[in-house]
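None of these values were measured; they are calculated from a predicted model.
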Amino acid sequence: MTAPVAPATTAGVWRGILVEYADRMPIGPDTPIVTLREGGTPLIHSEELSDRTGCEVHLKYDGANPTGSFKDRGMTVAISKAKEAGARAVICASTGNTSAAAAAYAAKAGMTAAVVVPRGKIALGKLAQAVIHGATILQIDGNFDEALTICRELADRHPVELVNSVNPYRIDGQRTAAWEICDQLGRAPDLHLMPVGNAGNITAQWRGYREYRDDALIDALPVVHGFQAAGAAPIVAGERVERPETIASAIRIGNPASWDRAVAARDESHGTITAVTDRELLAAFRLVARAGVFAELASSASVAGLLRMHAEGVLPRGATVVCMLTGHGLKDPEWAVAGAPPAVVLPPDADRAAEALGLA
Ligand code: F0G
């Protein structure tokens, strides 16, 4: 049985996106709410990025979701609807975060999850999540795009629910990041910057903003700028990338499922989809972390893109900008410690510690 949602006495405590945005969700009175209280993530003003760019820059930190990425927003809806339909098993392809979220929400729902991932290409933290939540993990000698093809085929032929973002309920849930941004700012940002991989999220954010505008909850729409990793930038190139390569494994995707919808979001918002290099990704990753926010490397594409746009002189002065930080840095701590100076090792002695800290 699914637990009842939090009663009204918990007013002020975030209850998860399906409850907070119930009137905008594809749920009815009989839909079981499978939630880990996802969403309600911080919108953090960045003094550093605002000073650098002359804009008002905010970071939407979706790494603060229960499984450490924005995927939870879509997964609470997809798994709740799968459960409502009587499904017992779900399947997904993943570069890691989707599989972590699918595993966790399936576990919460008492369902089984199978995840298909590219062997050796997903961060250890994400693999650990799928393992500990009890998912069956299939590692293929292939990339994400091939894994997704396999999963689509399995879901067509067998009684398993596909919970990749080709499942419309995933997109329904992911719209909530755009709504939260508007609710937190009291308006839509002028610019919304985000990483693009399989392109479900840019599709969802743009839909979210449009719906808020149609319902007169915001006056104006943002311009959406998406960023792919340079070695995995099919939308930028205008053609599939057979062997995508980037250190940002989350967005190592050569044939995005929502390609057309990403292009529509770009064009309708008068935005762009461009590429950032691995070097730019690492620089942005470190810069954001130096100001207290530990976001996943792929997430940093939004900030890398912001810095690139600033360098090109194309940012409108004083604009309100939101950079989506889609995942938590702890997913893949290797990139944080890579290149760090050697550890300072000392005997347990206060004088020596003071000396090492330059206090003595
Ligand atoms: N950021 C992170 C941290 C991601 O994990 C992903 C996608 C994206 C951005 C891109 O979002 O695919 O909607 O354009 N990760 C998927 C996964 C592919 O399997 O976890 P998108």
**Message:** Quick check: is Tyr169 connected to Leu18 through a chain of hydrophobic side chains (ILVMFWY, heavy atoms under 4.5 Å apart)?
**Reply:** yes
**Prompt:** Quick one: do the Thr95 and Lys121 side chains pair a donor with an acceptor below 3.5 Å?
**Reply:** no
**Check against side-chain contact (heavy atoms from CB on, under 4.5 Å), Phe227 and Thr274** = CA-CA 5 Å; Phe227 300 96; Thr274 55; 3.2 Å; yes
**Asked** Any donor-acceptor pair under 3.5 Å linking the side chain of Arg252 with the backbone of Ile247?
**Response** no
**Asked** Between the side chain of Asn65 and the main-chain N/O of Asp62, is any donor-acceptor distance below 3.5 Å?
**Response** yes
**Prompt:** Glu146 and Asp141: side-chain contact (heavy atoms from CB on, under 4.5 Å), yes or no, with the steps?
**Reply:** CA-CA 9 Å; Glu146 291 162 314; Asp141 283 318; over 6 Å; no
**Request:** Report yes or no: do Ile122 and Ile251 belong to one cluster of Ile/Leu/Val/Met/Phe/Trp/Tyr joined by side chain heavy-atom distances under 4.5 Å?
**Result:** no
**Asked** About how many Å separate OG1 of Thr53 and CG of Leu191, when rounded to the nearest 0.5 Å?
**Response** 9.5 Å
**Mutual orientation of the aromatic rings belonging to His58 and His45 [parallel < 30°, tilted 30-60°, perpendicular > 60°]** = perpendicular
**Request:** Begin with the C-alpha distance, continue with both residues' side-chain angles, and end with the deciding distance and a verdict on side-chain hydrogen bond (donor to acceptor under 3.5 Å, both in side chains) for Tyr61 and His328.
**Result:** CA-CA 8 Å; Tyr61 186 39; His328 201 295; 3.3 Å; yes
**OG-CG distance between Ser46 and Leu306, expressed to the nearest 0.5 angstrom** = 8.5 Å
**Trace of the side-chain hydrogen bond (donor to acceptor under 3.5 Å, both in side chains) decision for Tyr21 with Asp183** = CA-CA 12 Å; Tyr21 292 107; Asp183 294 346; 2.7 Å; yes
**Worked verdict on Met75 versus Thr98 for side-chain contact (heavy atoms from CB on, under 4.5 Å)** = CA-CA 8 Å; Met75 208 54 78; Thr98 300; 3.8 Å; yes
**Asked** Can a salt bridge be assigned to the pair Asp172 and Lys81 using a cut-off of 4.0 Å between side-chain N and carboxylate O?
**Response** no
**Request:** Ignoring hydrogens and angles, tell me if any N or O in the side chain of His158 forms a donor-acceptor pair with the backbone of Val160 under 3.5 Å.
**Result:** no
**Asked** Between Ser302 (side chain) and Ser299 (backbone), is there a donor-acceptor pair under 3.5 Å?
**Response** yes
**Prompt:** Should we say atom CD of Glu334 is surrounded by more than 12 heavy atoms from elsewhere, each under 6.0 Å from it?
**Reply:** no
**Stacked cation flag Arg24 on Trp179, 6.0 angstrom / 45 deg** = yes
**Asked** Closest heavy-atom contact between Asp145 and Gly254?
**Response** OD2-N, 2.9 Å
Using residues 123-132 as the side-chain source, report each donor-acceptor pair under 3.5 Å to any protein atom, sequence neighbours left out, with the distance given to one decimal.
unit_1, atom_1, unit_2, atom_2, d
Lys126, NZ, Glu296, OE2, 2.6
Gln129, OE1, Lys331, NZ, 2.7
Gln129, NE2, Thr67, O, 2.9

**Prompt:** From Leu49 CG over to Ile44 CD1, what is the distance, rounded to the nearest 0.5 angstrom?
**Reply:** 11.5 Å
**Asked** Do Ser50 side-chain atoms and Glu56 backbone N/O form a donor-acceptor pair below 3.5 Å?
**Response** no
**Message:** Any carboxylate oxygen within less than 4.0 angstrom of a Lys/Arg side-chain nitrogen, looking at Arg73 and Glu180?
**Reply:** yes
**Prompt:** Is there a donor-acceptor contact under 3.5 Å from the side chain of Asp72 to the main chain of Glu38?
**Reply:** no
**Item:** Whether over 12 other heavy atoms sit under 6.0 Å from Asp156 CG
**Value:** yes
**Under-4.0 Å salt bridge between Glu268 and Arg210** = yes
**Prompt:** Passes side-chain contact (heavy atoms from CB on, under 4.5 Å), Val77 versus Arg170? Steps please.
**Reply:** CA-CA 6 Å; Val77 187; Arg170 283 276 314 280; over 6 Å; no
**Hydrophobic cluster identity match, Trp206 and Ile171, side-chain contacts under 4.5 Å** = no
**Item:** Exercise: identify the closest heavy-atom pair between Ala275 and Ala230
**Value:** CB-CA, 3.9 Å
